[in-house]
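Read the structure below first, then the notes.
We name chains A, B, ... by the order of the sequence lines, and we start the count at 1 in each one.
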Number of protein chains: 2
Amino acid sequence: MVQLPMTVAAKQKPVSNRERLLELAEQLVLQKGFASTSIEELIAGVGITKSGFFYHFKDKNDLARELMQRYLDENARQLDDIFNRAAELHDDPLASFLIGLKLFAELMDKVHDVHPGCIAAAVVYQDQLFDAEVRAMSAEGFLAWRKRFRGYLEEIAKRYPPKMDVDLQSLADALSAAVDGGIILSKALHERTALPAQIMHYRNYIKLLFEP
Amino acid sequence: MVQLPMTVAAKQKPVSNRERLLELAEQLVLQKGFASTSIEELIAGVGITKSGFFYHFKDKNDLARELMQRYLDENARQLDDIFNRAAELHDDPLASFLIGLKLFAELMDKVHDVHPGCIAAAVVYQDQLFDAEVRAMSAEGFLAWRKRFRGYLEEIAKRYPPKMDVDLQSLADALSAAVDGGIILSKALHERTALPAQIMHYRNYIKLLFEP
DNA sequence: GGGCAACTGTACCATAGGTGCAGTGTGGGG
DNA sequence: CCCCACACTGCACCTATGGTACAGTTGCCC
């Protein structure tokens with residue numbers, strides 16, 4: 001649940017002000033929170049007026065909705081990239097998952113000094129600022145991670161019986177927890193290595209649990 | 001980094017309005033975020049005027065500072081309770097730590113439907129709402145957890161060589177991550193079992209890593 | 001009965017989100 | 001060449017919230 005870097009491709013045509021608003025908003029929201037990111041700040045950064053902002057977005061919640069959708073789509077795409085690549089590198093589900101986790105940790109290590117943060121998690125601690133729809137989208141994000149990783153884990157468990165009796169759903173959630181917990185640690189302590197380190201601990205746990 | 005229930009002892013004298021403001025503020029901040037918790041709401045709940053509020057607190061950041069201090073103190077006290085009790089129940093550092101983690105998970109299971117949340121983590125995603133002092137206190141909270149659990153882990157590692165080469169500091173942080181990640185999951189999905197489940201996964205990891 | 005803690009009341013200010021609406025410039029299709 | 005729609009601008013105005021300033025009041029303790 002972290003913003004990975006954009007593929008540098010695409011984007012020939014000049015970016016619209018709408019796109020630039022979303023881009024800037026995402027950056028600022030992850031840096032300092034949704035409440036502290038003012039509309040005035042956004043329009044000043046992009047160079048339009050308040051009326052211009054409200055032409056594109058019904059209100060601030062509408063912006064949040066678009067931000068969340070963008071984030072979830074991009075996020076899913078990037079996880080596909082990583083774990084499909086991992087599947088190419090090894091046939092075995094356990095080996096491939098471990099490779100994917102390593103790739104994931106490495107990517108977080110590279111990219112994390114830019115703007116660490118997870119939009120879906122950001123919602124959770126600023127509940128009432130967002131309407132029910134945005135909160136539902138945040139929940140969907142977590143459920144998407146659960147579904148994806150539970151799938152991987154079930155394939156692994158079929159071939160490698162786990163050494164302890166574990167619930168695969170909460171084990172899938174444990175990666176979300178490690179990532180979001182890692183982000184919080186990294187932001188609170190200004191230690192950019194905290195996130196990749198937590199992902200690697202999750203990887204260790206998976207290894208110890210399933211490796212014969 | 002979760003609010004545990006108050007020991008029912010103490011408090012003969014009538015609670016001051018100041019105390020009631022802090023109590024209510026903590027509840028509301030964990031429920032809906034700091035930005036969404038208005039001063040008007042707090043004074044209405046306690047039954048005083050705005051002037052009364054500003055008599056007690058210089059500004060909203062001052063309230064945040066007091067809230068954080070209260071939280072950190074209470075939190076440290078409760079962890080002491082749990083892990084001292086665990087040490088009483090078993091001499092061996094590994095066995096005792098595993099008992100402590102179980103007690104912790106059980107407590108989170110019991111109490112978590114009341115008001116899940118960690119004030120220290122709440123700060124991280126609402127950065128600019130707080131001044132540098134509050135942010136520093138949040139960081140201190142994470143460092144206190146790191147120090148405490150790193151201590152336990154070092155004693156364990158002395159007696160039981162870990163099965164993998166792990167960094168004990170980030171392994172200590174992994175409990176913070178599991179707890180804060182668990183809280184986020186639990187809040188986002190409205191699944192109160194998510195937090196205790198994540199603590200138990202951390203416990204599993206410790207078991208697999210150190211148990212002979 | 002003097003003093004201090006713990007307020008109340010009133011007035012006032014700035015910032016931010018938000019609404020409503022009329023007007024404008026510019027590029028592409030008919 | 002004209003017209004329309006898109007992407008805005010400008011202006012007026014409203015509300016909520018945090019915050020300041022300060023004078024006055026109440027109740028309890030010494």
Side-chain angles (χ1 to χ4, degrees), chain A residues 11-29 31-68 122-123 125-135, chain B residues 11-29 31-68 122-123 125-135:
Chain A
K11 298 284 166 59
Q12 306 306 70
K13 50 179 73 176
V15 270
S16 64
N17 280 340
R18 191 170 196 281
E19 211 51 43
R20 295 173 61 212
L21 280 171
L22 286 167
E23 206 87 30
L24 181 58
E26 177 163 320
Q27 210 179 304
L28 294 180
V29 165
Q31 243 172 59
K32 26 179 250 171
F34 189 71
S36 314
T37 301
S38 70
I39 293 175
E40 249 111 33
E41 210 175 348
L42 294 175
I43 62 183
V46 167
I48 58 168
T49 63
K50 216 168 159 187
S51 311
F53 177 90
F54 286 105
Y55 172 76
H56 290 297
F57 305 101
K58 199 179 132 276
D59 51 27
K60 227 185 156 186
N61 240 294
D62 195 28
L63 174 75
R65 201 164 19 246
E66 295 289 304
L67 228 48
M68 183 68 82
V123 167
Y125 272 112
Q126 305 170 65
D127 221 29
Q128 294 316 106
L129 287 178
F130 304 97
D131 63 22
E133 199 180 332
V134 174
R135 291 199 294 271
Chain B
K11 295 288 167 58
Q12 306 305 69
K13 51 178 72 176
V15 270
S16 64
N17 281 340
R18 191 171 197 280
E19 211 51 44
R20 294 173 62 212
L21 279 170
L22 285 167
E23 207 86 30
L24 181 59
E26 177 163 320
Q27 210 180 305
L28 294 179
V29 166
Q31 243 174 58
K32 28 179 251 172
F34 189 73
S36 315
T37 301
S38 71
I39 293 175
E40 250 111 33
E41 211 174 347
L42 294 175
I43 62 181
V46 168
I48 57 168
T49 63
K50 216 168 157 186
S51 312
F53 177 90
F54 285 104
Y55 172 74
H56 290 298
F57 305 101
K58 201 178 130 274
D59 52 25
K60 226 184 157 188
N61 239 293
D62 195 28
L63 174 74
R65 200 164 20 247
E66 296 289 305
L67 228 48
M68 183 67 83
V123 167
Y125 271 112
Q126 305 172 64
D127 220 30
Q128 294 314 106
L129 288 178
F130 304 98
D131 62 22
E133 198 179 331
V134 175
R135 291 199 295 271

Does A:S36 reach a base, just sugar-phosphate, or nothing at all? Heavy atoms under 4.0 Å. nothing

Check: D:dG10 base within 3.5 Å donor-acceptor of A:S51 side chain: yes

Give a yes or no on whether a salt bridge exists between A:E66 and A:K58, defined as a side-chain N under 4.0 angstrom from a carboxylate O. no

Whole-Å distance between C:dG17 C1' and A:F57 CZ? 15 Å

Roughly, in whole Å, what's the span from CD1 in A:I39 to P in C:dG18? 5 Å

Do any side-chain nitrogens or oxygens of B:Y55 fall under 4.0 Å of OP1 or OP2 in C:dC7? no

Side chain of A:K60 (C-beta onward), nearest among C:dG17, D:dT9, C:dC7: C:dG17

Would you call A:E23 and A:R18 a salt bridge, using N to O less than 4.0 angstrom? no

Examine distances only and state if a side-chain atom of A:Q126 and a backbone atom of B:Y125 form a donor-acceptor pair shorter than 3.5 Å. yes

Given atom CZ of B:F54 and atom P of C:dT8, what is their separation to the nearest angstrom? 13 Å

Keeping A:N61 on the side-chain end and A:L129 on the backbone end, is there a donor-acceptor pair under 3.5 Å? yes

B:H56 side chain N/O closer than 4.0 Å to the phosphate oxygens (OP1, OP2) of C:dA6? no

When the aromatic ring centroids of B:F130 and B:F34 are compared, is their separation below 6.0 Å? yes

Between P of D:dG18 and CZ of B:F53, the distance in whole Å: 8 Å

If the cut-off is 4.0 Å, is A:N17 near the phosphate of D:dA7, judged by side-chain N/O to OP1 or OP2? no

Expressed as a whole number of angstroms, how long is the span from A:L21:CG to D:dA7:C1'? 12 Å

In whole angstrom, give the distance that lies between atom CG of A:L129 and atom P of C:dG18. 10 Å

Report the nucleotide, chosen from D:dT17, C:dC7, C:dG17, that has the shortest atom-to-atom distance to any side-chain atom of A:K50. C:dG17

What is the distance, to the nearest angstrom, from the CD1 atom on B:I48 to the C1' atom on D:dT26? 15 Å

Would you mind reading off the distance between A:L63 atom CG and C:dG17 atom P, rounded to a whole angstrom? 11 Å

